[in-house]
Amino acid sequence: MTLERSDLDRAVALGVVTAEQARELLRIAAERRRQAGAGLDPSPDPRNVAQANERPALNFQHLAFYLGGLIVISAMGWYVAESWEKLGGFGFLLTGAGYGTAFLWAGSRLWNRPGGRVPGGLLVTMAVCMTPLAVYGIQVLADLWPAGGPSAYAHYWTRVRSCWLAMEAATAVAGLLALRRFSFPFLTAPVALALWFMSMDLAPLLLGQERLAWEERGQVSLWFGLAMLLATFWADRRTREDYAFWGYLFGLLAFWGGLTSLDSTSELGRLGYCAVNVLLLVAAIVLERRVFLVFGGLGVCLYLGHLAQRVFRDSLAFPFALSALGLGVMALGWAYQRHSAVVNAAVLGSLPAWIVRALPRNRAA
């Protein structure tokens, strides 16, 4: 029996396999065909099988690994208080470099051990996330901190300032260097976040302003997010590991967050906002990425909630109207679940052939 792409698409629509599993099956089939054509043994490489079995999945141990890693990153990032300034530049440098070196050493040791790729990769990611702490210490120690800059590292996550650029650039470079050695998709997360912060901190310098207004920050975030989405689309499924997930996630955070912050005063502008979010829902089908579904669905719900409030303002019927809206969204989800194959085929059939050929879904074959 021969399975075709349409069979796998149908299996994904019915929930038999996930879209990621279907892509992996297509990749394996294509690799076996190439090996058979070259006269090679098409049996799977045990090392590749072991590596595939270690790919992140929703189980207790991986949840514990990621949760623990995020706690450490938060502790040494978001929760560094102004009282840390008593340590001075040497204290920051010693803490950042010490933790970073220890995490990198432990991650390298675990990386090639059976079952160690996920915890090892997370330790390396944690080492990359120590870079801003160490660079800040170097700047303070060498008296390179610009005059008029924030007086504490604790403001790094909340204030848009050009003095953070060195820390952000160093984090992005450290993450890219780590990616050359460790093929771990989560390493793209600190790189994407650092680049996002860089776009916000670099914009005032390029525009010749000391600070950006709230609306200008939203515009910068929107355009940076769009650029990141386009770059991620180009990279999607061109690599063995799924590096695109975090690119899409941070791209959407920047793009959708910037778009949502630009609150239009006209109903036509709000309708345009809804239209963009509908396009995100279509992109979720075309790109087979559920993260677009989350942001697009949230945006459509925000617009529908605005309409309900506008029509039923100061009315006893508003809670009932909002409840009806929620039930309608659930009914729409149920209808899509039952007819997803037909909807997906209709969406793809409406696209020009050259766009369909350029989609990441066709790169796996």
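Under a 4.5 Å side-chain heavy-atom criterion applied to ILVMFWY residues, the cluster that includes V173 comprises L177 as well. Clustering of Ile, Leu, Val, Met, Phe, Trp and Tyr by side-chain heavy atoms under 4.5 Å joins L93 with F90, L94, I138, L141. Other members of the hydrophobic cluster containing I71, listed by chain and number, are L67; membership follows side-chain contacts under 4.5 Å among ILVMFWY residues, whether direct or relayed.
Residues W111 and R181 meet the side-chain proximity criterion, which asks for heavy atoms closer than 4.5 Å. For the pair M76/T95, a side-chain contact is recorded, criterion being any heavy-atom separation below 4.5 Å from C-beta on. A 4.5 Å side-chain heavy-atom check between Y99 and M126 finds every atom pair outside the cut-off. By the 4.5 Å heavy-atom criterion applied to side chains, S183 and L179 are not counted as neighbours. With a 4.5 Å cut-off on side-chain heavy atoms, Q139 and M167 count as touching. Two residues are said to be in side-chain contact when any heavy atoms from C-beta on lie closer than 4.5 Å; S221 and M200 meet this criterion. Inter-residue side-chain proximity for S108 and F182 is flagged as met; some heavy-atom pair is nearer than 4.5 Å. Under the 4.5 Å side-chain criterion, counting only non-hydrogen atoms from C-beta, L110 is in contact with L123.
Screening residues 250-272 for ring pair (Phe, Tyr, Trp, His ring centres under 6.0 Å), with sequence neighbours left out, gives W256-F295.
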Give the intermediate values and the outcome of side chain to side chain contact (heavy atoms under 4.5 Å, CB included) for residues W334 and M330. CA-CA 6 Å; W334 173 255; M330 293 178 66; over 6 Å; no
For V118 and L122, what are the C-alpha separation, side-chain angles and deciding distance, and is it a side chain to side chain contact (heavy atoms under 4.5 Å, CB included)? CA-CA 6 Å; V118 173; L122 283 169; 4.1 Å; yes
Could you please spell out the steps behind the side chain to side chain contact (heavy atoms under 4.5 Å, CB included) verdict for F197 and W164? CA-CA 9 Å; F197 281 12; W164 310 121; over 6 Å; no
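Judged purely by distance below 3.5 Å, without hydrogens or angles, the side chains of D236 and Y243 never pair a donor atom with an acceptor atom.
Residues V278 and L332 do not share a hydrophobic cluster, clusters being chains of Ile/Leu/Val/Met/Phe/Trp/Tyr side chains in contact below 4.5 Å. Taken together through direct or relayed side-chain contacts under 4.5 Å among Ile, Leu, Val, Met, Phe, Trp and Tyr, L279 and V343 form parts of separate hydrophobic clusters. A continuous path of ILVMFWY side-chain contacts below 4.5 Å connects L298 to L222, so both sit in one hydrophobic cluster. Hydrophobic clustering places L351 together with L280 (ILVMFWY residues linked when any side-chain heavy atoms are closer than 4.5 Å, directly or through intermediates). V291 and V282 fall within the same hydrophobic cluster, defined by Ile, Leu, Val, Met, Phe, Trp and Tyr side-chain heavy atoms under 4.5 Å apart, directly or through other members.
Distance check: I285 CD1 to R290 CZ gives 12.5 Å after rounding to the nearest 0.5 Å. One distance of note links CD of Q219 with CG of L259; it measures 11.0 Å at 0.5 Å rounding. Atom CG of L202 sits about 11.0 Å away from atom CG of L195, to the nearest 0.5 Å. Interatomic distance, E216 CD to S261 OG, rounded to the nearest 0.5 Å: 11.5 Å. Atom CZ of F103 sits about 10.5 Å away from atom OG1 of T101, to the nearest 0.5 Å. If you take SG on C301 and CG on N277, they are separated by 9.5 Å, rounding to the nearest 0.5 Å.
Residues T171 and P190 approach most closely at CG2-O, 4.2 Å, considering heavy atoms. The two residues A172 and V191 make their nearest non-hydrogen contact at O-CG2, 4.0 Å. Taking every heavy atom of both residues into account, A170 and V135 meet most closely at CB-CG2, 3.7 Å. Smallest separation of non-hydrogen atoms from A244 and R289: CB-NH2, 3.7 Å. In terms of heavy-atom proximity, L104 sits nearest to A127 at N-CB, 3.8 Å. Nearest approach of F92 to G137, heavy atoms of both residues: CB-CA, 3.6 Å.
Residues passing the side-chain hydrogen bond (donor to acceptor under 3.5 Å, both in side chains) test with R217: none are found, sequence neighbours excluded. Every residue two or more places apart in sequence or in another chain was checked for a salt bridge (Lys or Arg N to Asp or Glu O under 4.0 Å) with E215, and none qualifies.
Within the 6.0 Å centre-distance limit, the rings of F186 and W246 are counted as a close aromatic pair. Note: Y248 and F292 meet the aromatic proximity criterion, with ring centroids under 6.0 Å apart.
The backbone N or O of P185 lies less than 3.5 Å from a partner atom in the side chain of T188, making a donor-acceptor pair.
Applying side chain to side chain contact (heavy atoms under 4.5 Å, CB included) to C129 and the options L193, I73, V72 leaves one that passes, I73.
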